[in-house]
Amino acid sequence: ENESVKLTNSHRGLMDISGQLMRRLALVFSVSQMTQYFRKLVEVRGQFEKTEVALTSIVGSQEKSNKLMNQTIALAIKSPFTLQQLTGYTKQLAAYQVSYEQLHDTTKMLADVSAGLGVEMDRLILAFGQVKAANFLRATEVRQFTEAGFNILGELAKYYSELEGTMVSVGDVQERVTKRMVDFADVEQIFHRVTEAGGMFYDMQSRQAETLAGQWTNLQDRIDIMLSQIRPHFIFNTLNSIYYLCDQDTELAKEALADF
C-alpha cells in the first residue's frame, strides 16, 4: 500500500511539472498551435528514427549510420534537395551495392548533376545503378542518360581522346558500347570529371541552394533538423502517467487530462 501511495505521489508530481509546462506554453501558443507543434515534432522525429534504422540496417553498424547521417545533414543544409530526399537517394544507391565508403560522395556527385540538369535524380540513379550492376555501359543506359539530358557519349569521347592521346569520336564510343567495351569505371570517371573543380556541374547544389527556392528548402530542412534533435520524453512520460492514473485514480486522471 505504501508503495502504491509513493507511486501515486510520484505521478502526481510529474503531472504538476507537466501541467506547469503546458500552462507556460499556453501563454505563447494557442491550443491549436500547440497541437500542430507536437504533431510536427512527433512526425519529424519519427521520420528521422525510421531513416536512422534503415541506414543502420544498410551499412551494418550504428557508428557508420551516424556518420553517414551527419554527412547527409551537412549536405542538405547547402543543397536544393531536402534531407529526406537525400537520405532516400542514399538508400537507393546502397541497393545497387555502392559501398559505404563511396555512398556519400556518389550521392553528392549525382545530386550535383541532377541539380544542374533539372531532372529527377531517380532517373540518374537508375541508369548509374544499372551500369554498376552490369559492370558495363549498354544502349539502354545510354538512352536513359541521354533522355535525362546528360550527353554520356560526348563526355566519353572527350575522356577517351585525352586518355589515349588520339581523336575518339562519338561514333567510336557507340561502337565500343555495342561491343561492351565501356566499363562501369569509365562511366563513374565521367561523373567525377563533370562534378570536380572545372567541371560543368561543379558545386552545383551549393549554387542552386542560393536561389530563393533553395533557401526556402534549406530553411525547412533546418527546422526539421532542429525538431529531430528534440526528444519529446516529457510528452510520453505525461501520457504514461495518465494511462496509469486511469487505472489507479480516476479523479486524479481527470485533473491531469484537464491540465494536459
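Below, each value reflects all heavy atoms present in this structure, side chains not excepted, and no hydrogens, waters or symmetry copies.
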Next item on the list: Could you check Ser79 against Leu86 for side-chain contact (heavy atoms from CB on, under 4.5 Å), going step by step and ending with a plain yes or no?
Entry: CA-CA 9 Å; Ser79 168; Leu86 289 171; 4.2 Å; yes
Checklist line | CD-OG1 distance between Gln174 and Thr178, expressed to the nearest 0.5 angstrom | finding: 5.0 Å
Next item on the list: Please determine, by modelled atom types, if Tyr160 and Asp172 share a side-chain donor-acceptor pair under 3.5 angstrom.
Entry: no
Next item on the list: Carefully, step by step, assess Phe191 and Val113 under the rule side-chain contact (heavy atoms from CB on, under 4.5 Å).
Entry: CA-CA 8 Å; Phe191 278 91; Val113 176; 3.8 Å; yes
Next item on the list: Spell out, yes or no, whether Phe184 and Tyr100 are grouped together once hydrophobic residues are joined by side-chain heavy atoms under 4.5 Å, including indirect joins.
Entry: yes
Notebook entry, point to check: What distance do Met69 atom CE and Thr87 atom OG1 have between them, rounded to the nearest 0.5 Å?
Noted result: 6.0 Å
Check: How about Lys67: does its NZ atom have over 12 heavy atoms from other parts shown lying under 6.0 Å from it?
Finding: no
Notebook entry, point to check: Under 4.5 Å between any side-chain heavy atoms of Asp203 and Asp112, yes or no?
Noted result: no
Note to self: If you apply the rule side-chain contact (heavy atoms from CB on, under 4.5 Å), what do you find for Met109 with His192, and how did you get there?
What the structure shows: CA-CA 7 Å; Met109 179 175 69; His192 281 300; 3.6 Å; yes
Next item on the list: Dump the intermediate steps for salt bridge (charged side-chain N to carboxylate O under 4.0 Å, His left out) on Glu162 and Lys158, then the final yes or no.
Entry: CA-CA 6 Å; Glu162 294 174 16; Lys158 289 189 289 185; over 6 Å; no
Next item on the list: Name the orientation class of the two ring planes belonging to Phe145 and Phe150 (parallel below 30°, tilted from 30 to 60°, perpendicular beyond 60°).
Entry: perpendicular
Validation: residues 129-137 side-chain donor-acceptor distances under 3.5 Å, sequence neighbours left out:
| residue | atom | partner | partner atom | Å |
| --- | --- | --- | --- | --- |
| Gln130 | NE2 | Glu141 | OE2 | 3.1 |
| Gln130 | NE2 | Gln144 | OE1 | 2.9 |
| Lys132 | NZ | Gln97 | O | 3.3 |

Item checked: Heavy-atom closest contact (Val177 atom, Arg138 atom, distance) -> CG1-C, 3.8 Å
N/O donor to acceptor pairs below 3.5 angstrom from side-chain atoms of residues 115-128, sequence neighbours left out:
| residue | atom | partner | partner atom | Å |
| --- | --- | --- | --- | --- |
| Asp122 | OD1 | Gln92 | NE2 | 2.9 |
| Arg123 | NH2 | Glu147 | O | 3.0 |

Next item on the list: Mind checking the NZ-CG spacing from Lys64 to Asn66? Nearest 0.5 Å is all I need.
Entry: 12.5 Å
Next item on the list: Might you confirm whether atom CD of Glu63 has over 12 heavy atoms from other residues, nucleotides or ligands at distances under 6.0 Å?
Entry: no
Note to self: Any heavy-atom pair between the side chains of Ser61 and Thr56 that's under 4.5 Å?
What the structure shows: no
Item checked: Residue of the set Val168, Asp183, Asp186, Leu153 for which side-chain contact (heavy atoms from CB on, under 4.5 Å) holds with Arg176 -> Val168
Next item on the list: Could you tell me the separation between the CG atom of Asn70 and the NE2 atom of His104, rounded to the nearest 0.5 Å?
Entry: 11.0 Å
Check: About how many Å separate OG of Ser57 and CD of Gln62, when rounded to the nearest 0.5 Å?
Finding: 11.5 Å
Margin query: On a heavy-atom basis, which atom in Thr72 and which in Leu83 lie closest, and how many Å separate them?
Written below: CG2-CD1, 3.6 Å
Next item on the list: Using modelled atom types only, decide if a donor and an acceptor are shared between the side chain of Ser114 and the backbone of Leu110 within a distance under 3.5 Å.
Entry: no
Notebook entry, point to check: Quick one: salt bridge (charged side-chain N to carboxylate O under 4.0 Å, His left out) partners of Glu196, sequence neighbours excluded?
Noted result: none
Notebook entry, point to check: Looking only at heavy atoms, what is the nearest atom pair of Val170 and Ala157, with distance?
Noted result: N-CB, 4.1 Å
Notebook entry, point to check: Of the non-hydrogen atoms in Gln102 and Glu188, which two are nearest, and what is the gap between them?
Noted result: NE2-OE2, 4.0 Å
Check: Would a line drawn from the ring center of Tyr89 to the ring center of Phe81 be shorter than 6.0 Å?
Finding: yes
Check: When clusters are formed by joining ILVMFWY residues with side-chain heavy atoms under 4.5 Å apart, either directly or through shared neighbours, do Val187 and Met181 land in the same one?
Finding: no
Check: When clusters are formed by joining ILVMFWY residues with side-chain heavy atoms under 4.5 Å apart, either directly or through shared neighbours, do Tyr202 and Met200 land in the same one?
Finding: no
Next item on the list: Please report the closest heavy-atom contact between Thr90 and Leu103, naming both atoms and the distance.
Entry: O-CD2, 3.5 Å
Margin query: Could you measure the distance from the CD1 atom of Ile77 to the OG atom of Ser206? Nearest 0.5 Å is fine.
Written below: 11.5 Å
